[in-house]
Amino acid sequence: MQSSQYNNYPQSSSQRHHTNPEISAAMLMTRLGAQPAMWNGSKAGDDDIEPMHPESDVENDDEDGDDDRSRASGTSSDSSQNPASLKRLLRETLLMLDPSGNILRDMPLPTHRDLSYHLATYIAAHHPFHPFVHLPTFSPHNTPRPLLLAILSLGALPTNKDLASRLHVASKMMVNSRIDTDGFTSRSAPLWVTQTVLLNTAFAAWSGDPRGLEFACSVKSFLANLAAGVRSELLRRTPKPPITNSASEDDEWIKLEAMRRTYFAVYVFFGGLTAFFNFPPAIPNSEPGVVTLPCEEEVWNGTTPLPPAPAVTFRVGMDYVLKGQHMRCSSYAKRILATGMFIECWAARNGGLLFAARTDQLEGVLSSFMRVIHADIVGCLNRASEATWKLARMRVVGLDLSTVEEVLRYHDVGEIVHAVRGCAARMARTGETLVVAAEVAMDVLFGASQEDTIGGIDDVVVGWECALYLMMWLRRVERDMSIIAGDKGLYYRAPDERELDVLQRLRAVQEHELHGKNGHVVDIEGGEDRLPVFIGWWWARYGARDVGGGWGIRSVLREAIGVYAEIVRGELVA
């Protein structure tokens with residue numbers, strides 16, 4: 001691959017987003033030597049002071065002094081004994097990238113407190129969706145520098161977009177220098193190269209900048225080749241069941257499991273590009289084949305003793321799902337199989353006449369998906385899985401926003417709204433499929449809001465599509481109802497029993513959201529009595545809140561649905 005393909009591009013701004021680190025991040029920060037009270041920006045002992053934002057203007061003046069005292073006393077530079085070592089590690093990394101020091105002069109280094117917070121934010125908000133880091137053995141000092149920069153860039157994204165973009169560019173430059181070395185091939189690439197390219201590509205794809213998505217597409221084939229190299233290595237090496245947490249056999253198991261998780265992380269990421277932008281799958285379902293699905297998260301995170309490695313392959317898991325048979329699997333495996341089901345539905349919808357032959361089978365499988373996969377698995381991965389398989393079911397039963405998805409690639413709000421209006425004009429109320437899609441959309445849109453779990457990019461884009469579909473469906477139904485009520489001599493089909501049931505449930509949600517909170521009415525500028533407008537307003541205000549890791553694409557979607565809501569309001573008033 002040429003370095004020109006893995007080039008730099010300017011990043012757009014993203015929304016500020018606060019993330020609370022989880023217990024796993026807390027354990028990691030303890031090993032880094034940072035006090036828990038410092039993760040949210042406050043100092044230890046300041047119990048009566050409101051925690052500051054992690055990106056405060058207050059610098060820790062003692063950090064450099066800690067460095068000097070550490071050198072004078074001869075103590076170890078390990079972060080568990082030297083709180084300033086994480087900042088020093090970043091400084092050394094940037095000097096490796098540019099020995100002249102120009103980068104350091106242009107980019108003031110954040111404090112160790114902020115770097116610790118960014119690392120904890122990655123573990124809490126991003127690691128669950130790319131869970132290839134082995135937390136029990138993870139150490140920033142033992143992590144390849146490009147990968148560490150990519151991790152910190154995603155961790156800084158919610159609170160410091162400028163630092164996140166700079167770290168992202170620095171990571172791309174460093175990994176590019178490794179890619180350009182003589183003898184480098186995708187089959188012989190170190191695993192950290194694949195992981196770094198994946199995180200950088202994900203950063204670019206959801207940045208909210210169309211140039212970022214173009215960059216992601218330009219390296220898509222290269223990333224697929226890297227994943228193919230990981231797959232070949234997995235098939236070449238025979239996995240051995242681990243015995244204890246400290247045995248050498250367990251080290252080999254950890255390496256293989258990290259490879260397995262990295263490969264499927266690339267697969268799931270490509271599935272997201274297919275679901276949200278209608279790109280053809282870069283890794284078809286036929287490729288994973290005999291690759292073993294990942295183990296339970298508790299096993300990978302070291303919170304339970306290591307059992308024998310799971311023997312269920314991707315092919316076997318998909319066979320279980322397609323046959324409607326029960327199978328227990330890890331939450332990450334569930335996420336992978338949900339992606340596999342969506343790709344099956346996408347391929348069927350794009351198969352012309354073949355789609356009609358598979359519709360009944362796929363709809364039946366998707367309807368029982370949560371019974372096939374162990375339903376007791378909870379958490380953010382489960383939430384992403386449900387969003388993906390419900391989106392697949394909506395595709396099967398009648399929802400087709402492919403023209404909107406293809407325009408979404410360019411991040412132009414005007415073009416997006418124009419495509420949405422075209423879909424709304426073509427929507428025909430025939431059969432029950434649109435009602436089923438409306439029921440699923442309502443479940444996704446308002447059901448997920450009751451869960452107190454961190455959401456990912458899936459929640460943002462899937463929720464946005466569901467809100468758009470409900471707005472278009474409601475607009476069609478309510479327009480037909482108003483024409484009938486006006487007795488203009490035109491025939492339109494009145495709402496049937498199932499449509500009326502959906503309307504009543506949506507109005508109940510509307511009543512609760514607008515009048516049931518704190519005892520006062522929420523004003524949305526005259527649109528509170530307009531159900532389609534309420535749906536758009538609700539998603540823009542609540543549906544994308546505290547999810548998505550601060551991705552810039554969220555602001556594009558918010559603006560698009562806001563413009564469409566204004567258009568719908570104007571039509572209703574007229």
Side-chain angles (χ1 to χ4, degrees), residues 345 349 356 359-360 362-364 366-367 386-387 389-404 420-450 462-516 524 527-539 543 561 564-565 567-574:
C345 296
R349 281 204 66 87
T359 298
D360 293 339
L362 290 174
E363 184 176 356
L366 289 166
S367 299
E386 291 186 4
W389 80 259
K390 286 180 179 178
L391 186 62
R393 188 181 180 203
M394 292 169 69
R395 291 288 191 275
V396 169
V397 300
L399 173 61
D400 183 13
L401 294 179
S402 57
T403 56
V404 178
V420 171
R421 297 187 70 184
C423 285
R426 293 190 299 270
M427 180 176 290
R429 290 170 55 206
T430 56
E432 294 186 349
T433 56
L434 298 182
V435 182
V436 173
E439 292 173 340
V440 175
M442 183 170 54
D443 187 27
V444 172
L445 196 60
F446 299 108
S449 64
Q450 306 301 322
V462 173
W464 179 76
E465 287 200 8
C466 290
L468 272 184
Y469 178 78
L470 281 176
M471 292 176 70
M472 293 188 295
W473 182 81
L474 286 167
R475 182 69 189 99
R476 181 73 183 189
V477 173
E478 290 191 347
R479 185 175 63 179
D480 291 357
M481 291 174 64
S482 65
I483 292 177
I484 294 175
D487 192 20
K488 297 181 179 180
L490 300 176
Y491 173 75
Y492 285 84
R493 182 166 59 87
D496 58 25
E497 184 176 350
R498 294 191 64 181
E499 289 176 326
L500 288 174
D501 179 65
V502 173
L503 288 172
Q504 291 174 0
R505 291 162 60 188
L506 285 173
R507 290 189 178 114
V509 173
Q510 179 188 31
E511 180 70 19
H512 172 74
E513 293 294 331
L514 298 180
H515 302 277
I524 56 173
E528 65 273 5
D529 59 334
R530 313 290 189 178
L531 197 50
V533 178
F534 162 75
I535 298 295
W537 167 82
W538 187 93
W539 185 87
I561 204 169
Y564 181 62
I567 293 175
V568 171
R569 175 184 295 161
E571 293 174 348
L572 291 172
V573 172

Quick one, Trp537 with Gln510, criterion side chain to side chain contact (heavy atoms under 4.5 Å, CB included). Give me CA distance, side-chain angles, the key distance, then yes/no. CA-CA 11 Å; Trp537 167 82; Gln510 179 188 31; over 6 Å; no
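No side-chain heavy atom of Met471 sits under 4.5 Å from any side-chain heavy atom of Val420.
For Val477 against Pro495, the heavy-atom pair with the smallest separation is CG1-CG, 4.0 Å. When all heavy atoms of Trp464 and Trp539 are compared, the pair lying nearest together is N-NE1, 3.4 Å. Ala438 approaches Val502 most closely through the heavy-atom pair CB-CG1, 4.3 Å.
Rounded to the nearest 0.5 Å, atoms CZ (Phe534) and CD (Glu511) are 10.0 Å apart. For the atom pair OG1 (Thr403) and CG (Leu401), the distance works out to 7.0 Å, reported to the nearest 0.5 Å. Rounding to the nearest 0.5 angstrom, the gap separating the CZ atom in Arg530 from the CG atom in Leu474 is 13.5 Å. With values rounded to the nearest 0.5 angstrom, Trp473 atom CH2 is found 10.0 Å from Ile535 atom CD1.
Partners of Arg421 under the side chain to side chain donor-acceptor pair (under 3.5 Å) rule, at least two apart in sequence or in another chain, are Glu571.
Although no hydrogens or angles enter the test, the distance criterion places no donor-acceptor pair under 3.5 Å between the side chain of Gln504 and the main chain of Asp501.
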